[in-house]
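Presented below is the structure to which this report refers.
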2 protein chains.
Amino acid sequence: MQSRTPASRAGRPRDPAADAAILAATRQALVELGWSKLTLGDVATRAGVAKTTLYRRWAGKNELVVDAVAELFDELELPDRGSLADDIEGVVLQFAAILARPEAKSGLMAVVAEATRDDALRERIRSSIVERQMRLVLQGRARAQKRGELPPEPDPREAARTVDLIFDVVAGAVVHRTLVSGKAADEEWVRSFTRVLIGGLASSA
Amino acid sequence: MQSRTPASRAGRPRDPAADAAILAATRQALVELGWSKLTLGDVATRAGVAKTTLYRRWAGKNELVVDAVAELFDELELPDRGSLADDIEGVVLQFAAILARPEAKSGLMAVVAEATRDDALRERIRSSIVERQMRLVLQGRARAQKRGELPPEPDPREAARTVDLIFDVVAGAVVHRTLVSGKAADEEWVRSFTRVLIGGLASSA
DNA sequence: GCGTTTTCGCTACGACTCGTAGCGTAATGC
DNA sequence: GCATTACGCTACGAGTCGTAGCGAAAACGC
């Protein structure tokens, strides 16, 4: 048990601007080179820092890309549009817009693939990317229950299972549409999808 | 226009057993090393062939892994279980079982990530992996319409859109559940998912 | 048989990336 | 001033890449 960290204990502090520059350079490299051809040396050069600085802050390529991609999802929000259907359509369109960006496409799927063999990496993805998306689902569900569009769920375990299911269906469908099928998740598609999802939730209650 | 290829025109024919050995070695390497640490030299050694032989048959790591993973999906079938719900549950469980295997997990997502920057690779994935899955959706839909569980769709364009939507929802949800959420798509989950999907399809008709 | 053609296994190669170590310097707290 | 940490830079062995060149093996037409 060490005494609590007082920001930086001693010595020269890390340059905070370097973090932002490195993450931005990582995203740029993802766009231009893609995952497999991205090298840490190249990222360091783009960011204007030494390669050793990069290795002092991140364990490797996987962790760096997770952080770089995670920032893309910061803009996700769930404005109240008045109905469950409109709320879902809005957030799904936001999610689709992020996934349409090339740095998200090539980066996200690659780290997910790597995470199948690295539990620590999976946990990093979960806490820094999935967690924020999950909050939106919980928020939307609570709103819909308040409006009476969804029945209240007394059993917390059952409620958790349902939220997990919704999350996998929504995120999975958008990702699969965008990356595997290679087609845009545009308004028409999102509307059809939302109709099916809401109908399914209502009928399975 | 050259004369039709009579199997092999002249010279020593390629050893057909080598293809199978290489693809099996690729899957084994995916299990033990994962995508990023898989090297073609290592695969060649495992398969008992020279590295140059491997490069004569495949353009690179991406194409090789696509073919190796595609074989995993050969076993997918859609036996008639009497109802749409049971048909869906059956095929989703099969799909989940394949995705649970480590060589599918790490291989499939990695090539999908690479395909975001390589149209030829995306087409290869579509024709050798996605196509077979899509056939099952069409087959299941036709069966359900014959049973009267789903209404016939007169407009072929609308029908195609619906099939695309179903496919993205089913495959996407299973993939997201297995790879991102990191939980098993077991019978309980599949039953809940099927209930939502069927309810959604029925209500949105 | 005999020449042609293609594949195969093997070795070797330059180019590149990896992750780390070492060093001198800069920036902070005590 | 002194200890401590971050930084930029260089250099390094190790590993992988994809290709070229070689001789031997296995099919074909004659």
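In what follows, chains carry the letters A, B, and so on, assigned in the order in which the sequence lines appear, proteins first and then strands, with residues in each chain numbered from 1. Basis for what follows: all heavy atoms, side chains included, without hydrogens, waters or symmetry-related copies.
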Scan side-chain atoms only and decide if A:D42 and A:T39 contain a donor-acceptor pair under the 3.5 Å cut-off. no
Is it the case that B:S36 and A:E114 place a side-chain donor and acceptor less than 3.5 Å from each other? yes
Between D:dC7, C:dC10, D:dC17, spot the one nearest the side chain of B:Y55, thanks.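 From the listed options, D:dC17 comes nearest.
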Spacing between [X] atom [atom1] and [N] atom [atom2], to the nearest angstrom:
X     : N      : atom1 : atom2 : result
A:L54 : D:dA6  : CG    : P     : 15 Å
B:N62 : D:dC17 : CG    : C1'   : 14 Å
A:D42 : C:dC16 : CG    : P     : 13 Å
B:D19 : C:dC8  : CG    : C1'   : 14 Å
A:W58 : D:dC7  : CH2   : C1'   : 15 Å

Using heavy atoms to find the nearest nucleotide of DNA chain C for B:K51 and B:G48 separately, return the residue whose nucleotide is more 5′.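 Going by which nucleotide is closer to the 5' end, it is B:G48.
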Give a yes or no on whether a salt bridge exists between [X] and [Y], defined as a side-chain N under 4.0 angstrom from a carboxylate O.
X      : Y      : result
B:E89  : B:R81  : no
B:K183 : A:D168 : no
A:R191 : A:E187 : yes
A:R147 : A:D80  : yes

What's the spacing between A:L138 CG and A:M134 CE if we round to 0.5 Å?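 Answer for the CG-CE pair, A:L138 versus A:M134, is 6.5 Å.
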In this structure, CG of B:L40 is separated from CG of B:L54 (nearest 0.5 Å) by 5.5 Å
Taking salt bridge (Lys or Arg N to Asp or Glu O under 4.0 Å) as the definition, give me every residue that meets it alongside A:R124, ordered by chain and number, with sequence neighbours left out.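 If we apply the salt bridge (Lys or Arg N to Asp or Glu O under 4.0 Å) test to A:R124, skipping adjacent residues, the hits are A:D67.
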Taking only residues two or more places apart in sequence, or in another chain, which ones meet A:T45 in a side chain to side chain contact (heavy atoms under 4.5 Å, CB included)?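 So A:T45 forms no side chain to side chain contact (heavy atoms under 4.5 Å, CB included) with any residue.
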So which of residues 27-41 of chain A are in contact with DNA chain C, with a heavy-atom cut-off of under 4.0 Å?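 When residues 27-41 of chain A is checked for heavy atoms under 4.0 Å from DNA chain C, the hits, listed by number, are A:T39, A:L40, A:G41.
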Distance-only donor-acceptor pairs under 3.5 Å for side chains of residues 16-32 of chain B, two or more places apart:
{"from": "B:D19", "atom 1": "OD1", "to": "B:R57", "atom 2": "NH1", "distance (Å)": "2.6"}
{"from": "B:T26", "atom 1": "OG1", "to": "B:I22", "atom 2": "O", "distance (Å)": "2.7"}
{"from": "B:R27", "atom 1": "NH1", "to": "B:A68", "atom 2": "O", "distance (Å)": "2.9"}
{"from": "B:R27", "atom 1": "NH1", "to": "B:E71", "atom 2": "OE1", "distance (Å)": "2.8"}
{"from": "B:R27", "atom 1": "NH2", "to": "B:E71", "atom 2": "OE1", "distance (Å)": "3.2"}
{"from": "B:Q28", "atom 1": "NE2", "to": "B:E32", "atom 2": "OE2", "distance (Å)": "3.1"}
{"from": "B:E32", "atom 1": "OE1", "to": "B:R46", "atom 2": "NH1", "distance (Å)": "3.2"}
{"from": "B:E32", "atom 1": "OE1", "to": "B:R46", "atom 2": "NH2", "distance (Å)": "3.1"}

For DNA chain D, the residues among residues 107-123 of chain B that have a non-hydrogen atom under 4.0 Å from it: none
Base versus backbone protein contacts along nucleotides 21-26 of chain D [heavy-atom cut-off under 4.0 Å; B, S, -]: ----BB
